[in-house]
There are 2 protein chains.
Amino acid sequence: MPQFLDTTDPDFAARFDALLGAKREDAPDVDETVAAIIADVRARGDAAVLELTAKFDRLELTPETLAFSPEEIEAECARVSPEDRAALELAAQRIRAYHVRQMPEDQSWTDPDGATLGWRWTPVSAAGLYVPGGLASYPSSVLMNAIPAQVAGVKRLVICAPTPDGVCNPLVLLAARLAGVDTVYRIGGAQAIAALAYGTATIAPVDKITGPGNAFVAAAKRRVFGKVGIDMIAGPSEILVIADRNNDPDWIAVDLLSQAEHDESAQSLLITDDAAFGRAVAAAVEKRLETLERRVIAGASWRDYGAVIIVRDLAEAAALSDRIAPEHLELCVDDPDGLSRMVTHAGAIFLGQWTPEAIGDYIGGPNHVLPTARSARFSSGLSVMDFLKRTTLARMTPEALRAIGPAAERLAISESLEAHGLSVRARLERLNEGTE
Amino acid sequence: MPQFLDTTDPDFAARFDALLGAKREDAPDVDETVAAIIADVRARGDAAVLELTAKFDRLELTPETLAFSPEEIEAECARVSPEDRAALELAAQRIRAYHVRQMPEDQSWTDPDGATLGWRWTPVSAAGLYVPGGLASYPSSVLMNAIPAQVAGVKRLVICAPTPDGVCNPLVLLAARLAGVDTVYRIGGAQAIAALAYGTATIAPVDKITGPGNAFVAAAKRRVFGKVGIDMIAGPSEILVIADRNNDPDWIAVDLLSQAEHDESAQSLLITDDAAFGRAVAAAVEKRLETLERRVIAGASWRDYGAVIIVRDLAEAAALSDRIAPEHLELCVDDPDGLSRMVTHAGAIFLGQWTPEAIGDYIGGPNHVLPTARSARFSSGLSVMDFLKRTTLARMTPEALRAIGPAAERLAISESLEAHGLSVRARLERLNEGTE
């Protein structure tokens, strides 16, 4: 059973703090190993990548077979069932339709002083997406990472997806094709991140790397950050469900389990204003756990990090939610829109009892790469913006410079930056000579 | 004299690569010291902050005097000359007018399946801005960091600004007041970053930390990243000027020197299609260096990292510029807008000979916190967006779930995530019973 907390308990504040502060992730320190791998790939390029792939993935490749050939991709995609293909195509179409709306607009205007100002958005030239091998090789993550890049206009989009013992997931290759990925390299680990960041004879470097990975991949992404851009380093998944008594306890139970089944370190929380309903949900979770395929993982997560929190009213629920800043927030209440407006910090909100979080994982449209570990206080899910950058633009006329230049010169002098001031002064003097 | 390169030289490619690859920054490894300081502040809070401030800044404070009092701020601001005040007010007004336009809009729409989708932007609740002490204590940086936060709607905005030996810059305090900063703490270094990230009895923690700093501050920001959001870790400043022969060589010379005077590691580059003009600019730089206040710094930067690159035509200049991905790009040519459209990677572009880069440092309106070290390939300058985060929203109706739910369930099963599928299945079964 998970913890039960009640905001009317005298020790609630301390127990809630402990829940928030619980360290769920125990990432091994692989930084030295990763540093050595990156140095090796920088020094020896393809040779290092091939050796490390043979060692870790038990797969002998050559520079020519580092990437899947078009024929191999075609053959793998042909293995996908028509039903799976249709589902993936619908997901790709809906994710694309959502992300297209995120494209920001360029702006340009001329102010009363005659200065023309604005900005322009441009895509990164090349992006690399990491896709884990084995159990966590999710075609949905391929769509969620690659489609925003494609929508942003990234010219070259490649994937690194390890295929241990040569085993690959045909749905991953189909998702890559649906999302406009140019090349899929069958390499993984820190060596793949190093190859993407620094390039090898076969693999051209990229400017941005996104996608989930194990501790080695995460450490490598941290290390190459600055040389290239990276997305967030995601922690274990989380869900907070706020539900009143007008819900089927079993629906809420499976919603909680849908995060718990990801990882023993995942966290599923329920806040309700009805203690009896809270107990009913906990009982429904236990019942589902009897038969769930991933019951060992989901059970450990629910037992160690799950909690049911009883509140006096929904306003209290919203306030607690903001302290949790959940990755996923389900609002299963009569007026989910109203409750949603009381919440400030959440990665994604799922409104009403007909919107299970899993809809957002696959097919709703919004991105499923979301801020974990309370980082929704200051960061957002993956979006088209992650593959764009903004160049600011400014153009002065002689009149504009005459109007605002003297203030710039004065501020430069106050900061003891003489040449800054002189760059304005030289031009103002020409204007004062009256020759312009 | 700086390097001269010519794209028609047989060794141009190698020399240009060497120029791009030059390691300009030699940051000392202070990571262990910083880790110890952060641990100390986490363990002992105010006591650690006060001791470290006494040790490094030779300043004895108490919890009551950690922050400037309103009376102290008033008294310091009164020391600012009317001319400096007017310049700072004009800068604040123009920076605000530019950044107000960056506020993104919320969106909500209902798609043909009946799913209501969208997103909402909200500000981070609290932000902390670091302002270095001593020579690099720039009031313009206070405006450039604090105004975007204020425009975003950040509720609590604080500054940490060390005052070694008790000396403070009244313009910094005035800038803070103009930008709506709530509190200015007179502390600095890694201890200030730790206090902002983790909080002490006197200093409430913030969610986002921005602003420049020395190696200790940069290392501390890297360490607290994840616990709080941070802005970029900025490297030494850079400028690339692309100029044709129709420019006054002295104007271009002072523009180049306005970056060179920041730091011996700064880099000033000129690309021109006229070799004689390039030599004239280099001569003008030497002449200005004879009298410039910061001639030792600016001269070292120009000699060690400066370069004049002769190109065949401006298209070649644009292509080289994209390989450099400069922080600041000045286009002093007849058609700067046309040339600007040939450029993809730059932090800020200054169009035409009447727009010296220093205008952008102080008063143009765009932000002067910009991506350095080629990171304009994948990142943008500071903006209102850095103080906002996006929550995605999704609401299904029973009809929408009936339309797209089965595809979600199928994808969940293909990823072996049974509970994800069950959370959709449980609801679809209710619909199939026909009771909804």
Side-chain angles (χ1 to χ4, degrees), chain A residues 83-84 87 90 98 117 122 124 138 140 171 207-208 229 251 254-255 257-258 261 292-293 344 346 348-352 354-356 358-360 362-366 377-381 389-396 398 401 404 407-408 410-412 414-415 418-420 422-424 426, chain B residues 83-84 87 90 98 117 122 124 138 140 171 207-208 229 251 254-255 257-258 261 292-293 344 346 348-352 354-356 358-360 362-366 377-381 389-396 398 401 404 407-408 410-412 414-415 418-420 422-424 426:
Chain A
E83 293 78 10
D84 280 351
L90 180 62
Y98 183 93
L117 303 170
T122 48
V124 301
Y138 295 143
S140 59
L171 277 164
D207 303 300
K208 178 107 186 186
W251 293 12
V254 281
D255 293 355
L257 288 170
S258 75
E261 74 174 344
L292 197 70
E293 283 166 18
T344 304
I349 301 182
F350 304 87
L351 298 151
W354 294 100
T355 318
I359 285 292
Y362 293 111
I363 205 146
R377 291 175 297 124
F378 55 81
S379 64
S380 311
K389 63 267 181 345
R390 186 186 49 245
T391 298
T392 61
L393 302 166
R395 181 172 191 166
M396 299 294 128
L401 195 70
I404 69 174
R410 176 162 280 277
L411 291 170
S414 83
E415 294 185 354
E418 185 194 14
H420 284 65
L422 289 172
S423 71
V424 177
Chain B
E83 294 78 11
D84 281 351
L90 180 62
Y98 184 92
L117 302 170
T122 48
V124 301
Y138 295 143
S140 58
L171 277 165
D207 302 300
K208 178 106 186 185
W251 294 11
V254 281
D255 294 354
L257 287 170
S258 74
E261 74 175 344
L292 196 70
E293 283 165 19
T344 304
I349 301 182
F350 304 87
L351 298 151
W354 294 99
T355 318
I359 285 293
Y362 293 111
I363 205 145
R377 291 176 297 124
F378 54 80
S379 63
S380 311
K389 64 270 185 332
R390 187 186 47 244
T391 298
T392 61
L393 301 166
R395 180 171 191 166
M396 299 295 128
L401 195 69
I404 69 174
R410 177 162 279 277
L411 291 170
S414 83
E415 293 185 354
E418 186 194 11
H420 285 65
L422 289 173
S423 71
V424 177

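Quick note on labels: first sequence line is chain A, next is B, and so on, each numbered from 1. Computed from a predicted structure; not experimentally measured.
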Q) Looking at B:Gly364, B:Ala394, B:Pro366, B:Ala87, which one has more heavy-atom pairs under 4.5 Å with chain A than the rest? A) B:Ala394
Q: Compare every heavy atom of A:Pro356 with every heavy atom of A:Phe350, then report the nearest pair and how far apart it is.
A: CD2-O, 4.4 Å
Q. Which residues pass the salt bridge (charged side-chain N to carboxylate O under 4.0 Å, His left out) test with B:Arg390, sequence neighbours left out?
A. none
Q: Measure B:Ile404 against the heavy atoms of chain A and call it side chain, backbone, both or neither at under 4.5 Å.
A: both
Q: Go through B:Leu257, B:Leu117, B:Leu171, B:Val424 and name the one with the most non-hydrogen pairs under 4.5 angstrom from chain A.
A: B:Leu117
**Q.** chain A interface, residue from B:Leu401, B:Leu411, B:Ile359 that has the most non-hydrogen pairs under 4.5 Å
**A.** B:Leu411
**Q.** Atom pair CD1 (B:Ile363) and CG (B:Leu90), whose distance is rounded to the nearest 0.5 Å
**A.** 4.0 Å
Q.
Let's test your reading of the structure: which of A:Gly365, A:Gly381, A:Ser379, A:Ala412 forms the most heavy-atom pairs below 4.5 Å with chain B?
A. A:Ala412
**Q.** Per-residue contact mode, B:Thr391 against chain A (heavy atom under 4.5 angstrom)
**A.** both
Q. For B:Leu393, is it the side chain, the backbone, both, or neither that has a heavy atom closer than 4.5 Å to a heavy atom of chain A?
A. both
Q. Which bit of A:Thr344 comes within less than 4.5 Å of chain B, counting heavy atoms only: side chain, backbone, both or neither?
A. both
(Q) Using a 3.5 Å distance criterion without hydrogens, assess whether the side chain of A:Glu293 forms a donor-acceptor pair with backbone atoms of B:Glu418. (A) no
(Q) Taking every non-hydrogen pair under 4.5 Å, which of A:Leu422, A:Val124, A:Ile349 racks up the most with chain B? (A) A:Ile349
(Q) Between A:Glu415 and B:Ser140 (side chain of the first, backbone of the second, donor and acceptor by atom type, cut-off under 3.5 Å), is there such a pair? (A) yes
Q: Pick one of side chain, backbone, both or neither for B:Thr122, based on which atoms fall under 4.5 Å of a heavy atom in chain A.
A: side chain
Q: Could you check which of A:Gly352, A:Gly360, A:Ser414, A:Ala348 has the highest count of heavy-atom pairs closer than 4.5 Å to chain B?
A: A:Ala348
**Q.** Inter-residue atom distance A:Thr355.OG1 - A:Asp255.CG, 0.5 Å rounding
**A.** 10.0 Å
Q. What's the spacing between A:Ser258 OG and B:His420 NE2 if we round to 0.5 Å?
A. 5.0 Å
Q: Would you give the length of the straight line joining atom OH of B:Tyr362 to atom OH of B:Tyr138, rounded to the nearest 0.5 angstrom?
A: 7.0 Å
